[in-house]
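Below, all heavy atoms of this structure are taken into account, side chains as well, without hydrogens, waters or symmetry copies.
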2 protein chains.
Amino acid sequence: MKMLSPNRLSLNTATVKEQWNFRECVEGCLRHGFGGIAPWRDKLHEVGIGEGVRMIKDSGLTVTGLVRGGWYTAEGALTDSVLDDNRYAVDEAVAIGAECVVMVVGGLPEGSKEILGAREIVTKGLSLTLDYARTVDMKIAIEPLHPMYAADRACVNTLRQTLDICDQLGPGIGAAVDVYHVWWDPEIHEQIERAGKDRLMAFHICDWLVPTRDMLTDRGMMGDGVIDISGFRALVENGGFNGLSEVEIFSKQNWWKRDADEVLKTITERARAC
Amino acid sequence: MKMLSPNRLSLNTATVKEQWNFRECVEGCLRHGFGGIAPWRDKLHEVGIGEGVRMIKDSGLTVTGLVRGGWYTAEGALTDSVLDDNRYAVDEAVAIGAECVVMVVGGLPEGSKEILGAREIVTKGLSLTLDYARTVDMKIAIEPLHPMYAADRACVNTLRQTLDICDQLGPGIGAAVDVYHVWWDPEIHEQIERAGKDRLMAFHICDWLVPTRDMLTDRGMMGDGVIDISGFRALVENGGFNGLSEVEIFSKQNWWKRDADEVLKTITERARAC
């Protein structure tokens, strides 16, 4: 069993989004010895990019990713506003020194039943964002989402599919592997190996609860569910990933209701155990 | 757009499980011109196997499947009771003249995080049931369930994985393809083609609603969601399947609350449209 010390952890701000603003997230990370942070854009916008950048630089925290770009299908086609927003996301990621922009690519356009068409829009959109990201040396990390989100959040749902898109688009694009989304995948071992160092850009952890009472906001704290998290950590390390483990827990009924310091303390304890 | 007339439909009894007993299901199928029925074992046990067999023979309905065997991991290992129950399911399927026994294979054993271990138990269990089923000439249809059920219902979650197991076990075993479980799969086209006539044993339809409010009991009526059902019907037919389309809708908030004749009438209307 591999132990993770706090400085090997990154806090995805969604984990305490109900309790803390961005400044409190940064201070909380430092207080609990976290090595990194992954800001959601809305949290960052609340405080302002300039101020956010200063806080992050002062903190010395690694920024494991900016969450999130994507949503290419939100307007049914690649409109200027969708593409512009993704360029802004890349610019913001550069400003805060993020290791990558995490992409939640979008699901089916409103009223559509054509998932293959949605995937074409997404691939084209990623290609255009990637063209821009390369000019500013920012990496694009596609996050394949659990198939239960295929209709309304992301039509990229497996690591194999993600890597097929990456192979098509070339260097500078890879995967954000979140154990919540991929733990069930019969091919995950070979696909993580296939991804390798260049494509493994982020590693997210939380747990799958049994039962899961809500499809979006009932993620578990590491150790409370059925995912072999230390096994996955070993897999991505064998695949060449040596970044921080980013903790992203959406939990309306439990962790979002607790004192945020208790949440971070629990995370560090559980990470030591797994 | 391919139209399905009622005699090309089979009623999975779960669709009206809250409204009708088995006799009412059989009579309802005849009244609405359905060509087949797929009984759940509990419905059949309520009326008694002998009486159920008589009703089915008198009705002339095709039995597209007996639902369900499997649950190999329910006791954490392949106990006699688990294996015996699967043999009973095979015997019952023979008695009612079913085209196959549908297998929901089971998820993780209680307290386990070892999905690979669960899959080994399941494969061994299927192999033993198949050995028996071959002696009585009954087919075994593995139903890959949506990945959101990997922990608690079935650790076989894609058609590729299903067919890999089938390749390992040989003839007499195949897949029950339910659009609800597989519609999101980026590989589904090629895997249906790979399956072919011998492995495509059943085809189940319903729809994926957006939003889906409950992970188990919020399936949609065909046409109310995002699945391209006629596209899938064409795919399995191109793959060699020419059996009935079995309608299986779990719907606590909607269809289970309605008059069952209205449900069947709606099914026949929607099937004509898709």
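- Most heavy-atom pairs under 4.5 Å with chain A, from the set B/P186, B/P211, B/G225: that is B/P186.
- Contacts between residues 106-115 of chain A and chain B, counted as heavy-atom pairs separated by less than 4.5 Å, involve A/L108, A/S112, A/K113, A/I115.
- For A/D218, no part sits under 4.5 Å from any heavy atom of chain B, backbone or side chain.
- Under a cut-off of 6.0 angstrom, the local environment of CG in A/D198 is sparse, with at most 12 non-hydrogen atoms contributed by other residues, nucleotides or ligands.
- The shortest heavy-atom contact between B/A150 and A/W184 is CB-CB, 3.7 Å.
- Contact detail for B/H146 and A/M148: the closest heavy-atom pair is CE1-N, 3.3 Å.
- Contacts of A/D164 with chain B are absent, with no heavy-atom separation under 4.5 Å from either backbone or side chain.
- Few gaps surround CG on A/D167; more than 12 heavy atoms of other groups in view lie less than 6.0 Å from it.
- Only the side chain of B/L116 comes within contact range of chain A, with at least one heavy atom under 4.5 Å from a heavy atom of that chain.
- The CH2 atom of A/W208 lies 8.5 Å from the CG atom of B/D152; values are rounded to the nearest 0.5 Å.
- Here CD of B/E187 is found 5.0 Å from CD of A/E187. Values are rounded to the nearest 0.5 Å.
- Residue contact with chain A, scored on non-hydrogen atoms closer than 4.5 Å, involves the side chain of B/R119 exclusively.
- Atom CD of A/E193 is surrounded by 12 or fewer heavy atoms from other residues, nucleotides or ligands within 6.0 Å.
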